[in-house]
Structures are given as structure tokens and as C-alpha cells.
Amino acid sequence: MRSLMPWLAKGVLSAAYWLFVLYLATGLFAGDRLGPDGRIGPSVPPLPPWLFAVAAIALYALLSWLWDRIVLGRR
């Protein structure tokens, strides 16, 4: 069981990361925006969805690599 603990911890942290990314993306890309006149207008994301996806995946890959290197001692 002890050998599974790093993988269980990584799974929990991964789920937390992806839930946070989903929460952030939902607000960025699907949220309504109030215009200057008080009317609800279409959402205008501050960055393109493809760029957000690339950044989220790259950050996850970096964190996963760091986890393996620090916790498991891999190079």
C-alpha cells in the first residue's frame, strides 16, 4: 500500500488541477458579460480557447514531470 501512496496523491492533485482548470475555463469562455449600457452581451474570451488548452496541458506536463522527479527520484 505504501508504494501506491505517491500515485494516489498524484491522482488527487491531478483531479484538483483539472477541476480548477474546468472552473476557470467555464468562466472565461462561457460566462455572460455586462456591457457599458447594462445589457448582457456575448462572452469575449481574453485569450483563444486553443491557447488556453495548450497552456493548461503544458502546465500539467511540467507539474507531472516535477512530481516524478521530486517524489519518485526519476530524472
Side-chain angles (χ1 to χ4, degrees):
M1 181 68 172
R2 184 177 271 227
S3 65
L4 289 177
M5 290 307 288
W7 298 108
L8 291 174
K10 186 176 182 180
V12 168
L13 291 174
S14 296
Y17 174 81
W18 287 112
L19 286 173
F20 173 74
V21 167
L22 178 63
Y23 173 77
L24 188 63
T26 301
L28 284 174
F29 301 114
D32 291 330
R33 305 290 190 265
L34 286 177
D37 58 355
R39 291 184 172 185
I40 297 175
S43 65
V44 180
L47 66 156
W50 67 267
L51 182 60
F52 181 83
V54 167
I57 292 169
L59 180 61
Y60 181 78
L62 175 66
L63 292 173
S64 183
W65 177 78
L66 286 173
W67 174 271
D68 288 347
R69 185 172 177 153
I70 293 169
V71 173
L72 303 176
R74 294 183 183 170
R75 290 187 183 256

Quiz item: If you group Ile, Leu, Val, Met, Phe, Trp and Tyr by side-chain heavy-atom gaps below 4.5 Å, do Ile57 and Trp67 land in one group?
Solution: no
Only pairs under 3.5 Å count here: list side-chain donor-acceptor contacts from residues 9-25, not counting sequence neighbours, and write none if there are none.
unit_1, atom_1, unit_2, atom_2, d
Lys10, NZ, Ser64, OG, 2.9
Lys10, NZ, Asp68, OD1, 3.2
Ser14, OG, Lys10, O, 2.7
Ser14, OG, Tyr60, OH, 2.9
Tyr17, OH, Ala56, O, 2.8

Quiz item: Does Pro48 have any side-chain contact (heavy atoms from CB on, under 4.5 Å) partners at least two apart in sequence or in another chain, and if so, which?
Solution: Trp50, Leu51
Self-check item: salt bridge (charged side-chain N to carboxylate O under 4.0 Å, His left out): pairs with one or both residues in residues 40-56, sequence neighbours excluded
Solution: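 Salt bridge (charged side-chain N to carboxylate O under 4.0 Å, His left out) check on residues 40-56 returns no pairs.
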